[in-house]
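Each ligand, and each atom within it, is numbered from 1 in the order the structure gives. Positions are given from 1 along the sequence. These values consider heavy atoms only, across backbone and side chains, with no hydrogens, waters or symmetry-generated copies.
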Amino acid sequence: MKTVRLTAAQALIGFLANQYVERDGVEHRFFGGCFGIFGHGNLAGIGEALFEAPELMTYYQARNEQAMVHAAAGYARMRNRLGALVCTTSIGPGATNMVTGAALATVNRLPVLLLPGDVFASRRPDPVLQQLEAPWQGDVSVNDSFRPVSRYFDRIWRPEQVLQAALQAMRVLTNQAETGAVTLAFPQDVQAEALDVPEAFLDKRVWRIPRPLPDLEPLTEAAARIRASRGPLIVAGGGVIYSEATDALRYFVDLTGVPVAETQAGKGSLPYDHPSALGAIGVTGTFAANRIAGEADLVIGIGTRWSDFTTASKTAFKNPDVRFININIADFDAAKHAGFRLVGDARATLERLAELLEGYSVADAHREEAARLNQEWDAEVDRLYALGHEPLPAQSEVIGAVNSASGPTDVVVCAAGSMPGDLHKLWRTQDPKGYHVEYGYSCMGYEIAGGLGVKMAAPERDVYVLVGDGSYLMLSSEIVTSIQEGLKLTIVLVDNHGFNSIGDLSRSLGLDGFGTQYRYRRDGSLGRDSDTSPAPLLPVDLAANAESLGALVIRCRTIDELRAGLDQAKKEAGTVVLAIEVDRYADVPSYESWWDVPIAEVAATDAVRAARAEYESARAAERHHL
Ligand SMILES: Cc1ncc(C[n+]2csc(CCOP(=O)(O)OP(=O)(O)O)c2C)c(N)n1
Ligand SMILES: [Mg+2]
């Protein structure tokens, strides 16, 4: 066996650079580069390997470790999980800054490879700078906090272990049912230690992404159940898009007339103007989808993990006889709601089901009802896009302006606050990759960093990041990276002086917006929504902040100015931030839906008691699907 003498870090980078995936005969290099922030825990190991062989892997400098994992998640999602980024950090705080990003990737089932530095395996200089010492246990480090948020975790205690660890990492990253954050904690001394690496380890390796099919028997049974249904509904989740099953879905829908509702990750599965498209479902759903869901006797979930936002906390499916068929690559998700399991690839399964349903169609009335609801919903979107709200515009008008300024293949990115719900309802999506709202973890701060990852994966597309002032304040640092790399983002910063979403929730729970506005403390209080003469707003100028990071900033006071600004932004080569203030109270309503947020059972406040009474009666509709 021929070997080559390399450090463990050099071996790992050499290996990663030569990993490929192949699906449907198309081959791609798996890793698009390595994000990192260097410190003593990774500079001499991974840092040296990247320094010495830049042709193997491009190094991207991040500003914040959490943000770089978000960028990696955005990248992986945009690549339909057929591509990923590596993230390297020092030990201690640099490493644990990635834990939130790891959770986000794992919750959203997106592949990211994390290489946090770790304390000395030899333990010679213990405690090294930034080392956590646990008096009760000798073999832990802060990196153990990655275990619950990783789909695979290993610590490379000895250089030879890198061979097995690397192969296992690739197995999980490329497995469509298992993928998520993969963490290889890498002690700083081991990174720099040499080993004799078998040359075969560094050879090109292609990981085939299969399209497994369920057995014929359950497929036939599922087809029979669909034929017997009086009012079926498809709920399209992220799996439809990752599997590139949108054409197969459209064929299936045109053939059978089964209408389609979409989850956040599944939005874009059908173009918004398809007559069978009911749009968003659940808590942030349209009346179109929620009405049909309420009546459906058979729900076909495709690539969805059935979060509470999709099921409206298990109140969306009201038909007492409703049953589920779940098409999912992951058995875990297919089994939810006591569903009839079709474990397999979404595209392959839909194509096979369509064959088995040859000649079948839902009743004309069912098809027509969906088409009518699609039209009625579109009229509601028109209304909300053009409210003419004054003196400050409504957020729905901002969304309308961005939607009409963007092209069909541009991408909108968002994650937390009141915008994801509004976008889910209102965004007119024309392309399967045009809608990118991270709502598995709904992590404030994902927006700009995730948008950067999207742009890295699809530089040919324009990327519109919609970000609230709260999220912006939490994590906007990757504006700098976007400028450094010439990766243009068009960022629309929607300012309502605090947390509108949680303010809205607060009012609905009887809490009067407590703790959700950015105002000075006065008489011991940070202000309430019912204050008639509130304390002044904090003098935060986020537009100036964006300017100071190097972005071109356009301040917009009206929707007309925003439209003009968006036109100007198209002509710019670099990152643009359009800052606009909106009315905190001009919300998009919710449509025939409910979300379970528990309210205090005993309280001194009348409004809380009233909200509790309402909550108890609403909760009565919550059901188990068994
Ligand atoms: C990291 C993180 N912390 C807290 C939350 C809870 N949360 C959800 S939305 C929100 C407020 C977001 O404020 P902003 O970005 O201004 O959007 P707005 O609600 O005003 O639309 C908070 C605190 C979260 N989703 N993520
Ligand atoms: Mg806000």
**Asked** Which word best sums up how the rings of Phe35 and Tyr60 line up, parallel for under 30°, tilted for 30 to 60°, or perpendicular for over 60°?
**Response** tilted

**Prompt:** Are Asn545 and Tyr472 linked by a side-chain donor-acceptor pair shorter than 3.5 Å?
**Reply:** yes

**Asked** Just wondering, more than 12 heavy atoms not from Arg528 lying within 6.0 Å of its CZ?
**Response** no

**Carboxylate-amine/guanidinium contact Glu380 Arg383, below 4.0 Å** = yes

**Message:** With rounding to 10 degrees, what does the angle Asn496:OD1 / the Mg ion (ligand 2) / Gly498:O come to?
**Reply:** 80°

**Asked** Out of His70, Arg63, Met444, which residue meets the side-chain contact (heavy atoms from CB on, under 4.5 Å) rule with Leu475?
**Response** His70

**Asked** the Mg ion (ligand 2) is nearest to which N, O or S atom of Asp469?
**Response** OD1

**Message:** Just checking Trp306 against Phe317, ring centres under 6.0 Å apart?
**Reply:** yes

Pairs under 3.5 angstrom, nitrogen or oxygen on both sides, ligand 1 versus protein: list them out, please.
residue  : atom   : partner : partner atom : Å
ligand 1 : 15 (O) : Gly470  : N            : 3.3
ligand 1 : 15 (O) : Ser471  : N            : 2.8
ligand 1 : 16 (O) : Asp469  : N            : 3.3
ligand 1 : 16 (O) : Asp469  : OD1          : 2.8
ligand 1 : 16 (O) : Gly470  : N            : 2.7
ligand 1 : 16 (O) : Gly498  : O            : 3.0
ligand 1 : 19 (O) : Ser418  : N            : 3.4
ligand 1 : 19 (O) : Asn500  : N            : 3.1
ligand 1 : 19 (O) : Ser501  : N            : 2.8
ligand 1 : 19 (O) : Ser501  : OG           : 2.7
ligand 1 : 20 (O) : Asn496  : OD1          : 3.0
ligand 1 : 20 (O) : Asn496  : ND2          : 3.0
ligand 1 : 20 (O) : Gly498  : O            : 2.9
ligand 1 : 20 (O) : Asn500  : N            : 2.8
ligand 1 : 21 (O) : Ser418  : N            : 2.9
ligand 1 : 21 (O) : Ser418  : OG           : 2.5
ligand 1 : 25 (N) : Ser442  : O            : 2.9
ligand 1 : 26 (N) : Met444  : N            : 3.2

**Asked** So Trp377 and Tyr591, would you call those rings parallel, tilted or perpendicular, with 30° and 60° as cut-offs?
**Response** perpendicular

